[in-house]
Amino acid sequence: MPWPSRKRDKGAVADKKEPDAKIAKTEETQKKEEEEKSTKPPAGSSKSGWKNWKKAKESDAGGEESKQTYCHWLLKSEPESRLEKGVDMKFSIDDLKAQPNQTTFWEGVRNYQARNFLRAMKLGQQAFFYHSNCKEPGVVGIVKIVKEAYPDHTQFDQKDPHYDSTSRKENPKWSMVDVQFVRMTKRFIPLSEIKAHHLAHKADGGPLKNMMLFTRQRLSIQPLTQEEFDFVLSLEEEKPH
DNA sequence: GCCAACGTTGGC
DNA sequence: GCCAACGTTGGC
């Protein structure tokens, strides 16, 4: 789903195959689903979590109160080969490092909630690069947003596995951002370890008690609170366990 | 490779 | 608008 993948023919972006015409039906269907459906935090978990989102915190400066302004993210990507419509979805952090400028566009997100989070990303914000659907899932590095949301060109490319025949160029449904490699974490931080803390924190009220990695397990783009980001990052200083 | 979780679709 | 069928995600 939603992750980036190969950077194949970036050059081909232009690609003008204008599929549109033929689809016709789309028109009406289109507008309805629109945006909001999932912008807000997890309905289900709302009560539990976001209130303490800035718990305490003295600094409060942020003004995050009402509408939480997320400032950190977690991006899932698959480091192992898997074909989707004949195209390899593999994109590990090493693949990112190999890109020109160590930068890539995060294309292929086709889930409204994930897309809305993409659109909320701001220049310079940092995100964990997470390896999913693989032998050892977990956080492997840090990336930053170097270009805010703009239309994902792959939605108009019929040859792309994530082509969306219902999206019109005049009103693109899907967005992407550009991210750049910042650094590897000092060590691999496995999902199992993060999960163990999450479970402990659910009992004692610690910072990972509501982490979306566990409360919305299938979301490929997730926001992290400052506390969540700091806590996970602090694990890189500890000995693997 | 299995399968639980969960998002999406479509009949009614 | 409900909900069963279906498809996808992604840990294990």
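On a predicted model such as this, the values are computed, not experimentally measured, just so you know. Every chain is numbered from 1, with letters handed out A, B, ... down the list of sequences.
Residue pairs meeting the ring-ring contact (aromatic ring centres under 6.0 Å, His included) criterion with at least one member in residues 215-236 of chain A, sequence neighbours excluded: A:His72-A:Phe229, A:Phe128-A:Phe229, A:His197-A:Phe231, A:His201-A:Phe231.
Listed pair A:Tyr130 / C:dT9 fails the phosphate criterion, with no side-chain N or O lying under 4.0 Å from OP1 or OP2. Considering only side-chain N and O atoms, A:Lys85 lies nowhere under 4.0 angstrom from the phosphate OP1 or OP2 of C:dT8.
Rounded to whole Å, the distance from CD1 on A:Ile221 to C1' on C:dG10 is 15 Å. The CD atom of A:Glu84 sits 9 Å away from the C1' atom of C:dT8 (whole-angstrom rounding). Between A:Leu199 atom CG and C:dG11 atom C1' there is a gap of 14 Å when expressed in whole angstrom units. Remark: C1' of C:dT8 and CD of A:Gln217 are 11 Å apart, rounded to the nearest angstrom. Atom CD of A:Gln113 is separated from atom P of C:dT9 by 15 Å (rounded to the nearest Å). A:Asp164 has its CG atom 16 Å from the C1' atom of C:dT8, to the nearest Å. A straight line from CE of A:Met89 to P of C:dT9 spans 10 Å, rounded to a whole angstrom. Rounded to an integer number of Å, the gap from CZ of A:Arg216 to P of C:dG11 is 16 Å.
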Under 3.5 Å, N/O pairs linking protein and nucleotides 2-7 of chain C:
residue : atom : partner  : partner atom : Å
C:dG7   : N2   : A:Arg218 : NH1          : 3.0
C:dG7   : N2   : A:Arg218 : NH2          : 3.4

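A:Leu75 and A:Leu123 fall into different hydrophobic clusters, defined by Ile, Leu, Val, Met, Phe, Trp and Tyr side-chain heavy atoms under 4.5 Å apart, directly or through other members. A:Val146 and A:Phe129 are not part of a single hydrophobic cluster, where members link through side-chain heavy atoms under 4.5 Å apart.
In the model, A:Thr154 has no side-chain atom that pairs as donor or acceptor with a side-chain atom of A:Asp157 under 3.5 Å. Using modelled atom types and a 3.5 Å distance limit, the side chains of A:Ser81 and A:Asp88 yield a donor-acceptor pair. Counting only N and O atoms by type, the side chains of A:Glu236 and A:Thr185 include no donor and acceptor under 3.5 Å apart.
Residue A:Phe214 is out of contact with every strand shown, counting any heavy-atom pair closer than 4.0 Å. Residue-level contact check: A:Lys195 touches the backbone only, with heavy atoms under 4.0 Å from sugar-phosphate atoms and none from bases.
Residue A:Lys76 places its side chain closer to C:dG10 than to any other of B:dT8, C:dG10, C:dC12. The side chain of A:Leu191 has C:dC12 as its nearest neighbour among C:dC12, C:dG10, B:dT8.
Every residue two or more places apart in sequence or in another chain that forms a side-chain contact (heavy atoms from CB on, under 4.5 Å) with A:Tyr150 is listed here: A:Phe105, A:Lys147, A:Met176, A:Asp178.
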